[in-house]
2 protein chains.
Amino acid sequence: MTGIWQDIKLDSEHKLPLYKQISEQVEKMVYQGKLKPGTRLPAERKLADYLQVSRMTITLANEDMKTKGIIRSQQGSGTFIMRGPRRERVHTKTKWQSNFVYETDTMNHGLEAIIKFGQNSESIQLARAGTAPEIHPGIGISECLAECLRKHPKLIQLPSPTQGYEPLHSYMLEWLKESELYPKKSEMMIVSGAMQGLDLISRLFLGPGDYVIVEEPGFQVASDAFTASGAQILRITLDKEGMKLDNLEQLLRNFPVKFIYLNPTFHNPTGITMSQKRRQDLLVLAKKYHVLIIEDDPTGLLYYGKKPAPPLKARDEEGMIIYIRSFSKYLFPELRVGVLVAPEGVITNLTKIKQRIDLHSNVLTQAAVYTFLSEGRLTPHLQRVRKAYKVRVDMVQEALSKSKAVSVQVPEGGIFAWCKLEHGLSSERLLDLALPDVSLVPGNWMSGTGMYENYFRLAFTNPSLEQLKRGLNKIVEIIDREDMKT
Amino acid sequence: MTGIWQDIKLDSEHKLPLYKQISEQVEKMVYQGKLKPGTRLPAERKLADYLQVSRMTITLANEDMKTKGIIRSQQGSGTFIMRGPRRERVHTKTKWQSNFVYETDTMNHGLEAIIKFGQNSESIQLARAGTAPEIHPGIGISECLAECLRKHPKLIQLPSPTQGYEPLHSYMLEWLKESELYPKKSEMMIVSGAMQGLDLISRLFLGPGDYVIVEEPGFQVASDAFTASGAQILRITLDKEGMKLDNLEQLLRNFPVKFIYLNPTFHNPTGITMSQKRRQDLLVLAKKYHVLIIEDDPTGLLYYGKKPAPPLKARDEEGMIIYIRSFSKYLFPELRVGVLVAPEGVITNLTKIKQRIDLHSNVLTQAAVYTFLSEGRLTPHLQRVRKAYKVRVDMVQEALSKSKAVSVQVPEGGIFAWCKLEHGLSSERLLDLALPDVSLVPGNWMSGTGMYENYFRLAFTNPSLEQLKRGLNKIVEIIDREDMKT
């Protein structure tokens, strides 16, 4: 029991109930900086004994603090202080900060860092997921857009329905059939990247008191979108067949879970693809507990060897899955074009929300993607991408094999290699030493539990082949250096 | 004490604490439809006496229900049931609706209708705000994008910072100076249309219990964005000098208002421009009551005669104004490009939120706008637009003067004409009779009070000149028809 908790002074005569007194004093300590974000709270029983109050009082205090976003419970690992002390960042006479209701400080900051790395053209980007220069379709897309605009200058003057620019929307319906997905027109919408899809879903489905199950490690930006809507996150680890279903059922039995968010094919960051058996069992479980599934599938078409199983959505007899696909990894991220497949009633409502967010995704880009696809350029492009990325993943494997202190989980598709450091070496230490020359993503940036300090994620699709080789060698060289151990 | 509360049955032996029993039973009644949204809860003390529990128990029950979003306290006016009963709209085995938390039904449906009108290429669009064919820059923009992409194909491969594609962002800073706005780099961001700006602001600033003041009539899509974040809307009418400040001060005195949202130049829909005197007084009031201002300025550069006063933001010594400008009316709406100016601390946080929404606005469009602007094409383009729209507004005035039953408030700029029907004629009736040939916006679609039944808004920039003439004549013909009176 650390000293800080002694500062909580309770007064049973006070007009405020005890639980409120506790919650407000903790909040004060947080804002004064006495309690740092990440601090673990004592077990409820311990704190109750210590403050000589009922356990219920502590439970209520915690509930109150969760509502305010001061603390958050991590499944299994305890309850932690979330916010940092109030900072005055605004140089203006008006106190804007005091009016904010959206807590941006609680967000996972990996994304900011990754974007910042991306701005530095000097360094070798192994953190950010980009498109390899040798197969970048930017020129092709802009050429056929230019060509197409010369022929039909009015193309970009068609108003776009919120659900998507008509020509692209229709083309998508056809294209999805290759993945055994057969949505009706009313069951699909174009979104400004998969992230907008996740944001729309969070707004439609999630509020305080809701629970969402995600993969651990996993795509933290999604978890941020869910928590931004007030949901609590429950995390489940993966084995080589994907999400562990025994743990899943345990959670489904004990929590009112709204949906399961997962990336079953070439999982980010581990590269694991959920087995056929596991997929069937997952659908059975989801049906049994009436829980919805959000299937994020950004790289399913980037297989190096044999084509993976079709999306979960292709086996969705219950209509309980929302499927999201993005073009960020198939074409390039700067386009911000994604597609979302869901039951009609869901699309109708997501569309209404999108209408209030950006009216519709912009037409110029939708027209560009449409022309590229409709000229049949995507299929040959994807074949080139698969070949190119196989070369790169082999390069990663070969380079990292030079050190005994690191092992790499070689994926069968996708754009990430998930690597493990031996002898308790820290990946954040590795990043510190690698920057500014090389960037990578420490395991804990992909984790909600902070239990992946020895892992790191390499995005091998971004730099030129020559840069990639140099970057990998640099990493291996650092890993074996003495100062990694300190 | 209404009967409904008798249905709450408490059991002190039950494993659930009393406050939980109350909260869960109320939730049940809400979902069964027994308690309607908007129902006021009895005063805590009254309910406590009635249920023979401690007042604390009621306080905790209410807090629990607030957390779940079942009830909400309105400053001063009490506590109310928020959610409606669950509805089943989806034709799928999974009950999606029962999981929705975002109430799309409460939205103003004018926007949906206007977009739907836009899809019908047969009808003459006087509802939707578009760009006139004779000055549509689509071809010019696509030409110089194509040209520019031939020269620099890698242009669209630059990762875009969330705050905006670097070349466009820098150019904007220069361009804003023409409007007497001198933001620093850190005080401006590119957004996917003004609507995304309003959405970001709502998320950062607004939560349940917040109040926002808007103009009545006004841009209802903005009010929707504010209410979607749980804010309450207060409405103030305009006189010929703009928002009525006596009413404003009355509200500021009585409500904890977070911000005032207004469109001071060529107001949508009335076309009114706030007078110099009124602008000064508004800033004094805002300072006195420490209230923030959101200035929406979509058409300020589209003046037909003399240039209007600079934006309020240009006189913002307190740093209390967020300024939003869009290119939808200067170039064309399908581009979805806008710019937002605010104090650094606000931009920092809006940027963090945008990062979770769409990472960044897409690069292709930002590059297109950049090339068009940087080649100096915007200034001559805007001159053409002003001339073209002056011709059109004169046409509206001339056409409508043919009927004694309608009068038009002629604007000095912008793209809308605000028209009034005499003899209590209804504009929704007018729309019914005009469709499908001609569309327009009934006054009540631009109102939160439903007091503008006799008004309608004409967007005169959309169709060809010939179509516009036909559309206007059709409207006049209908207004004077017998069946308008029924």
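The structure displayed is predicted, hence computed values, not measured ones.
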Are any non-hydrogen side-chain atoms of [X] and [Y] less than 4.5 angstrom apart?
| X | Y | value |
| --- | --- | --- |
| A:I141 | A:L331 | yes |
| A:F219 | A:D224 | no |
| A:F226 | A:F259 | yes |
| B:M195 | B:V221 | yes |

Looking at residues at least two apart in the chain, or sitting in another chain, which of them share a side chain to side chain contact (heavy atoms under 4.5 Å, CB included) with B:S326?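 Side chain to side chain contact (heavy atoms under 4.5 Å, CB included) check on B:S326 returns B:A194, B:S328.
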Answer with side chain, backbone, both or neither: which region of A:I357 has an atom nearer than 4.5 Å to a non-hydrogen atom of chain B?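 For A:I357, backbone and side chain are both near chain B.
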B:S229 versus chain A, heavy atoms under 4.5 Å apart: side chain, backbone, both or neither?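 Neither part.
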Please classify the contact between B:N362 and chain A as side chain, backbone, both or neither, with a heavy-atom cut-off of under 4.5 Å.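 Both parts, backbone and side chain.
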Looking at [options], which has the largest count of heavy-atom pairs under 4.5 Å with chain B?
| options | value |
| --- | --- |
| A:H360, A:Q355, A:E166 | A:Q355 |
| A:A225, A:P161, A:S192 | A:P161 |
| A:L200, A:L359, A:L335 | A:L359 |

